[in-house]
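Since the structure comes first, as structure tokens, the remarks are kept for the end.
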Amino acid sequence: MEKITGAEALMLSLKAQGVKTIFGYPGGAIMPTYDALFDYTRGEKKAFEHILVRHEQAAAHAAEGYARVSGKVGVTLVTSGPGVTNTLTGVADAMMDSTPIVVIAGQVATGVLGSDAFQEVDLVGLAQPITKWAYQIRSAKDVAWAVSRAFYIARSGRPGPVVLDFTKNAQTEKITYEPTKVDFIRSYVPYPEPKQEKLKAAAELINNAKKPMALVGQGVELGNAQEELKAFLEKADIPAGRTMLGLSALPSNHKLNMGMLGMHGSYSVNLKEQEADVLIAIGMRFSDRVTGDVSRYAKQAKIIHLDIDPSEIDKCVKTTVAVVGDCKVTLPALTALINKNDHSEWKESFQPLRKKEIENVITPATKPTSGPLLMGEVAHDVAKIGYELAENQGKIGSPILVTDVGQNQLMSCRYFKFHDKRSIATSGGMGTMGYGLPAAMGATYGAPERTVCCFMGDGGLQMVIQELGTIMEYDIPVKMILLNNNYLGNVRQWQDMFFHKKQSFTPMTNPDFGQIAAAYGIQYHRVSKREDLKEAITEMLTSKGAYLLETIIKPDMNVEPMIAPGKAINEMQLNVEC
């Protein structure tokens, strides 16, 4: 057989993994691979579309957005040194949020490793704590094995990021390519076998519960167990709250969906957690933003935890019964053991609290009659109009929500509506500002048939504003909603609440975003009046190509309700006092 370079072996290995889209940025140490990639993006060999981002961090976030909405592994290709260190924020973000991405980075040749050669950095040492696996490819003969292993680890079990450090000599060496498939690694058990006695114990608790409640996390989405979740909840008639990352695991309009968990979640859900006699946590990790003061969290409840990762069991909250396994398997197994039930009285007890939140928070936030525009009404109207347009146009799938981090994230997650699975991409564990725009770019490639709506604040947008160049070059049809309040709004809210209103470096002087959009050839509209909002949203959503809609938001608005730091979840404030 004809010998090929390690760089071309990488191309064939990525092709074997079904990769179609690569987000990257070339440089010296990865140049041989980019030379091979050139031939695989055109002509008879064409296998990939390469998206040239404007900053390597954006490549990692774009791969995350792609993975979140598609369920596939996102791929990033960058150079050594600063090229790959720029991706590490995205790698850490992917680790925290269980997002499967593979980052392939150039590295200096093995002969000069450890000599502080130009753009050399100990990538494996840097990446090991924030990846599922980090490996240095030192020989071309290891390429096929390393790539197959990387994708197997990234996508299996609890997904996550993998980093491959590709030395320059391994890229240029010639070998006889032999396809390799890795589907087993000794000591790595991605799909633990659930124990029958644990399932029976969990079923007994559920069958005897008077006030059961489910806590639905992203694990349901990662396990593709959305239908299994509905069957479980409906048989036992269990009301459910969803984590932020698990928002689209259960449709917003499902009769058992009671709202969002956590610091800025739903009033009824948080208070009722402190009344439930059995809590069933499904694919969630009991984040501090969900539990509040963990020493006072759900002390009255028996806790059942279903999770694929045994390290999450008892990490934050002590469980009564732990069922370790893939929820695609454990949920139907548990459903078979539980009794059909009717918890009407328990479910009805949520309603007075829901009504109170609607009157005091939701209606004022989404249907104000005077004053400046509010984030809640923008998010509500984008979701409503977007869904109606998708239905009328016969599109496959309702709009996808992508957010940056801050008030824009919290308000859009609260008021966007989710009708289909895999409909949200947001930075949960890391809370990475600058995530939104590149993740939205990736999401459009992961779900090209759906409309991607990206909500950003003026702070987060300016962290990655150069990616408007990527959107321009590739005509990426992301709909960008800028919620502009001329503040780092979430930090400002905390300063007002907990730091005596000392607004230390949170006000922002912003540029003319319209001129910036024009420079990149992106459609733009600015709206500040309520009577113009719906028309502006409709224009954005019906326009072809990218669109930036700048909405001028009340500067000092707060995200409500809120559980203050150190408070128990039942001490949630409906209205924030600063």
Can you give me the closest heavy-atom contact between [X] and [Y], atom names plus distance?
{"X": "Val361", "Y": "Pro561", "answer": "CG1-CD, 3.9 Å"}
{"X": "Leu233", "Y": "Ala214", "answer": "CD2-CB, 3.6 Å"}
{"X": "Ser156", "Y": "Tyr188", "answer": "OG-OH, 2.7 Å"}
{"X": "Asp420", "Y": "Ser248", "answer": "O-CB, 3.5 Å"}
{"X": "Ala443", "Y": "Val69", "answer": "O-CG2, 3.6 Å"}
{"X": "Gly429", "Y": "Arg285", "answer": "CA-NH2, 3.5 Å"}

Q) When you look at Arg450 and Ser423, which way does the side-chain hydrogen bond (donor to acceptor under 3.5 Å, both in side chains) test go after all the steps? A) CA-CA 10 Å; Arg450 300 176 67 183; Ser423 292; 2.6 Å; yes
Q: Go through the steps to decide whether Ile569 and Thr291 satisfy the test side chain to side chain contact (heavy atoms under 4.5 Å, CB included), and finish with yes or no.
A: CA-CA 7 Å; Ile569 56 175; Thr291 64; 5.6 Å; no
Q: Classify the angle between the aromatic ring planes of Phe416 and Phe418 as parallel (below 30°), tilted (30 to 60°) or perpendicular (above 60°).
A: tilted
Q: Could you check whether the rings of His419 and Tyr387 sit parallel, tilted or perpendicular, using 30° and 60° as the cut-offs?
A: parallel
If only atom types and distance count, is the side chain of [X] paired as donor or acceptor with the main-chain N or O of [Y] below 3.5 Å?
{"X": "Asp165", "Y": "Leu123", "value": "no"}
{"X": "Gln409", "Y": "Met433", "value": "no"}
{"X": "Asn86", "Y": "Glu56", "value": "no"}
{"X": "His305", "Y": "Met284", "value": "yes"}
{"X": "Glu221", "Y": "Ile424", "value": "no"}
{"X": "Arg54", "Y": "Glu467", "value": "no"}
{"X": "Tyr152", "Y": "Asp183", "value": "yes"}
{"X": "Asn270", "Y": "Gly262", "value": "yes"}
{"X": "Gln218", "Y": "Gly246", "value": "no"}
{"X": "Gln300", "Y": "Ala276", "value": "yes"}

Got a second to check how far [X]'s [atom1] is from [Y]'s [atom2], nearest 0.5 Å?
{"X": "Asn408", "Y": "Phe455", "atom1": "CG", "atom2": "CZ", "value": "9.0 Å"}
{"X": "Ile400", "Y": "Lys479", "atom1": "CD1", "atom2": "NZ", "value": "13.5 Å"}
{"X": "Ile303", "Y": "Thr320", "atom1": "CD1", "atom2": "OG1", "value": "6.0 Å"}
{"X": "Leu250", "Y": "Leu256", "atom1": "CG", "atom2": "CG", "value": "7.5 Å"}
{"X": "Lys417", "Y": "Asn253", "atom1": "NZ", "atom2": "CG", "value": "9.0 Å"}
{"X": "Arg289", "Y": "Leu410", "atom1": "CZ", "atom2": "CG", "value": "8.0 Å"}

Q: Could you walk me through whether Val402 and Arg68 pass the side chain to side chain contact (heavy atoms under 4.5 Å, CB included) test, one step at a time?
A: CA-CA 10 Å; Val402 181; Arg68 288 278 190 91; over 6 Å; no
Q: Step by step, work out the side chain to side chain contact (heavy atoms under 4.5 Å, CB included) result for Gln407 and Asn485.
A: CA-CA 10 Å; Gln407 288 184 322; Asn485 57 9; 3.4 Å; yes
Q: Determine, for Asp307 against Arg158, whether the closest basic-nitrogen to carboxylate-oxygen distance falls under 4.0 angstrom.
A: no
Q) Hey, mind stepping through Met562 and Gln493 against side chain to side chain contact (heavy atoms under 4.5 Å, CB included) and telling me if it holds? A) CA-CA 11 Å; Met562 180 176 182; Gln493 178 172 334; 3.6 Å; yes
Q: Under the salt bridge (charged side-chain N to carboxylate O under 4.0 Å, His left out) rule, what do Glu312 and Lys315 come out as? Steps first, then yes or no, please.
A: CA-CA 5 Å; Glu312 288 296 341; Lys315 185 173 81 174; 3.0 Å; yes
Q: Would you mind reporting whether Leu215 and Arg242 have side-chain heavy atoms less than 4.5 Å apart?
A: no
Looking just at side-chain N and O atoms, do [X] and [Y] make a donor-acceptor pair shorter than 3.5 Å?
{"X": "His61", "Y": "Glu64", "result": "yes"}
{"X": "Tyr297", "Y": "Gln274", "result": "no"}
{"X": "Asn510", "Y": "Asn484", "result": "yes"}
{"X": "Thr99", "Y": "Asp97", "result": "no"}

Q) If you look only at pairs with a residue in residues 72-85, which of them pass as a side-chain hydrogen bond (donor to acceptor under 3.5 Å, both in side chains), with sequence neighbours excluded? A) none
Q: Given salt bridge (charged side-chain N to carboxylate O under 4.0 Å, His left out), test Glu227 with Lys421 step by step and report yes or no.
A: CA-CA 10 Å; Glu227 293 305 313; Lys421 64 183 181 180; over 6 Å; no
